[in-house]
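Atoms considered below: every heavy atom in the structure, side chains included; atoms not considered: hydrogens, waters and symmetry mates. Every value quoted in this text rests on a predicted model; they were computed, and no experiment measured them.
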Amino acid sequence: MLKQIEGSQAIARAVAACRPNVISAYPISPQTHIVEALSALVKSGQLEHCEYVNVESEFSAMSACIGASAVGARAYTATASQGLLYMVEAVYNASGLGMPIVMTVANRAIGAPINIWNDHTDSMSQRDSGWLQLFAENNQEAADLHVQAFRIAEELSIPVMVCMDGFILTHAVEQVDLPEQDQVDRFLPPYEPRQVLDPDDPISIGAMVGPEAFTEVRYLAHHKQMEALELIPQVQQEFKEIFGRDSGGLVHPYRCEDADVIVTALGSVIGTIKDVVDERREKGEKIGVLGICSFRPFPLAAVREVLQTAKITVSFEKAFSVGIGGIVSTQLRAAMRGRPFTCYDVIGGLGGRNVTKKSLNAMLDDAIAGRLQPLTFLDLDMQLVNAELERERTTRRSGPMAENVMRDAVERTNANLAAQGERPPADKVGIARVAAPSTRADAINVLPEGNN
C-alpha cells in the first residue's frame, strides 16, 4: 500500500505486520517515534497478541527482549546512540545466547560532546558484538529490511540490527509502499524457536563455558554469520517474488560495471552520491557507487567482484576509528587482498554535518587528480582546529575543547554576518549557548545551511 508517511511510522507499521509478541523499548531521539507508534498500535488493539513492556532503561529493554525470546516469543526493540551503549552488556548477551531479536538502530552520533544528529558511530561501535547489521539507503528499504530481518534472525537464531539514519530517514516524510499483512504472512512464517525455556523440558541457556569449549562456541557464532552471507541473498530473492521489489541483499552496485572510480558508502548518503555519479557520467566520467547493505557479515566476495576493475576506490564513511582512520575501508582492503588496490578513506557527515554535492565533487576531483590525502575529513575547518591547538599550546588551562571550538565557530559566523550588516535569521538560530571561559559571554549557535 503506497502511503506518504514519516519514516518512523513506516517502520512501526512494518514491524507490526511481522506480528511481534513482545516489544520492549526506552525512548531516545531519533528513535522515539517508532516505539511511540508501536505502543499506540498495541494499546488500540490493532497489533494483537503483543505485549508492550515499559522499562526504565535501554539495558532493561534488551534484557526484557532476551527473556521474551528465550521463552519463544518474537521480540523487537529500538534504540540509538547512548541508548545502544547503555544496553551493550545485554547486546553481547543476546548474540552470545543466539536470541533472534530484531532491533532498529536510528543512527546517531555518540557523545561527548552531546550531539543528537546522524552519523554511524553508534552501530560501528557494536560491529563486533555478534549481531547482523543491515544498513538502509532509504525509508522503503528500511521498512523492507525489518520484514527480512525477522526471517533471517529466526532462521539462524541470531539477532539483527536494522540501521537507518536518524532524522534523515526516521523523520523524513516520503512515499513508502508499506508491506501488506497478507504478503508478510506469506513471507514470514510463525516463529519456531531453535531453543526455548520450557518447564516441561528444562534446559540451561547461558551456562558457564570454560576454556575447553569457549573457542568452539565463539567459532560457531562466526559460522552463523558466514551462513548469513548465503541466506541474505536468498531472503532478498524470496522477498522480491512476493513483494515485487528488490530490497536488501548484500551490496547495491550502481553504474559500477565499467567504472574507473567507485565510491563505497552505507546508508542514506548513497542517494546523494548517486546524484553526483549521474552528473559526472553525463560528462563522460566512468564513476559508480557501491552501496553496502550488509556490514555484518561483511560480503568480502561480493565487494571484491564489484571493485576488481576500479582504478580508484573512495570509502566514504560516517564514522571512523580514532587513531587509525576508516572502518569500512579496512574491510575493503581485506576484500581486495592480493590485488592492486588504491583506496582513499574519506570521513564525512559526522554529527549530522551536511554532505553536499559540491563537497563530494571537490573530493572526487582531488581523488582523480591524485591530490586526495589517504585519510581525508570532508569539509574539515582547519582554521577552527588550529585555533584550538594554538590555545592549548599557549594556555595550560585552555578550557573545554568542544565549547572552545563551538564558541570560535559562532563568533566567526556572527562576525561575518555583522560585516555584511546582517543578523542570524530566526530559522537558523539554535537553542545552544556557549560560555566563553574568559568572558562567560553567551554566543548564539547558528545552524549550518541546508544541502546544495
Side-chain angles (χ1 to χ4, degrees), residues 10-11 14-23 62 65-66 68-70 72-79 91-92 94-105 123 126-137 140-164 179 183-196 220-243 245-252 266-267 291-303:
I11 301 312
V15 170
C18 295
R19 302 187 188 277
N21 305 118
V22 173
I23 298 170
M62 182 56 66
C65 286
I66 290 172
S69 186
R74 180 172 284 163
Y76 169 83
T77 188
T79 193
V91 165
Y92 274 77
S95 60
L97 296 175
M99 298 300 169
I101 300 162
V102 171
M103 173 167 63
T104 307
V105 177
S123 290
Q126 301 307 304
R127 62 189 182 273
D128 298 326
S129 65
W131 285 61
L132 270 63
Q133 292 186 334
L134 307 177
F135 280 78
E137 177 184 342
Q140 182 66 68
E141 186 170 48
D144 294 344
L145 281 175
H146 281 81
V147 179
Q148 295 180 45
F150 280 104
R151 174 78 176 273
I152 296 165
E154 292 168 8
E155 178 62 27
L156 296 175
S157 199
I158 188 172
V160 179
M161 291 182 197
V162 179
C163 307
M164 60 185 299
Q183 293 175 311
V184 177
D185 289 343
R186 278 190 288 147
F187 175 79
L188 182 63
Y191 176 35
E192 184 179 348
R194 291 185 175 272
Q195 57 178 332
V196 63
L220 286 168
H222 171 71
H223 182 76
K224 283 191 175 184
Q225 294 252 344
M226 296 303 98
E227 286 186 308
L229 287 174
E230 301 295 329
L231 181 61
I232 290 171
Q234 295 173 19
V235 169
Q236 177 192 26
Q237 182 59 37
E238 291 182 37
F239 184 91
K240 182 179 180 180
E241 292 171 0
I242 293 175
F243 292 84
R245 53 182 179 271
D246 199 6
S247 290
L250 299 174
V251 296
H252 299 156
L266 295 82
I292 298 173
C293 180
S294 173
F295 183 69
R296 284 294 183 270
F298 193 82
L300 293 171
V303 168

State which residues pass side chain to side chain contact (heavy atoms under 4.5 Å, CB included) with Ala78; sequence neighbours excluded, sorted by chain then number.
Gln31, Val35, Tyr76, Thr104
Examine distances only and state if a side-chain atom of [X] and a backbone atom of [Y] form a donor-acceptor pair shorter than 3.5 Å.
| X | Y | answer |
| --- | --- | --- |
| Ser157 | Glu154 | no |
| Gln148 | Phe239 | no |
| Thr77 | Met62 | no |
| Glu141 | Ser247 | no |
| Arg151 | Leu188 | no |

From [atom1] ([X]) to [atom2] ([Y]), nearest 0.5 Å:
| X | Y | atom1 | atom2 | result |
| --- | --- | --- | --- | --- |
| Ile152 | Glu227 | CD1 | CD | 13.0 Å |
| Cys293 | Gln133 | SG | CD | 11.5 Å |
| Met164 | Leu134 | CE | CG | 13.0 Å |
| Arg194 | Ile158 | CZ | CD1 | 11.5 Å |
| Glu241 | Asp246 | CD | CG | 11.0 Å |

Does the side chain of [Y] come within less than 4.5 Å of [X]'s, by heavy atoms?
| X | Y | answer |
| --- | --- | --- |
| Ser294 | Val251 | no |
| Ser123 | Leu266 | no |
| Ile11 | Val162 | no |
| Val91 | Pro159 | no |
| Met226 | His222 | yes |
| Arg74 | Phe150 | yes |
| Ser129 | Met161 | yes |
| Leu156 | Gln225 | no |

Minimum-distance pair of heavy atoms, taken over all atoms of [X] and [Y]:
| X | Y | result |
| --- | --- | --- |
| Tyr191 | Gly72 | CD2-O, 3.4 Å |
| Met99 | Ala70 | CE-CB, 3.7 Å |
| Val235 | Phe187 | CG1-CZ, 3.4 Å |
| Ile292 | Phe135 | O-CB, 4.1 Å |
| Ile101 | Ser69 | CG1-CB, 4.1 Å |
| Gln183 | Ile242 | NE2-O, 3.5 Å |

What orientation do Phe298 and Phe295 show, parallel under 30°, tilted 30 to 60°, or perpendicular over 60°?
perpendicular
Taking only Lys NZ, Arg NE, NH1 and NH2, and the carboxylate oxygens of Asp or Glu, determine whether Lys224 and Glu155 approach each other closer than 4.0 Å.
no
Could you pull out all residues at least two apart from Arg19 that satisfy side chain to side chain donor-acceptor pair (under 3.5 Å)?
Asp185
Is atom CD of Glu230 surrounded by more than 12 heavy atoms (other residues, nucleotides or ligands) closer than 6.0 Å?
no
Under a 3.5 Å threshold, yes or no: a donor from one side chain and an acceptor from the other, between Asp144 and Gln140?
yes
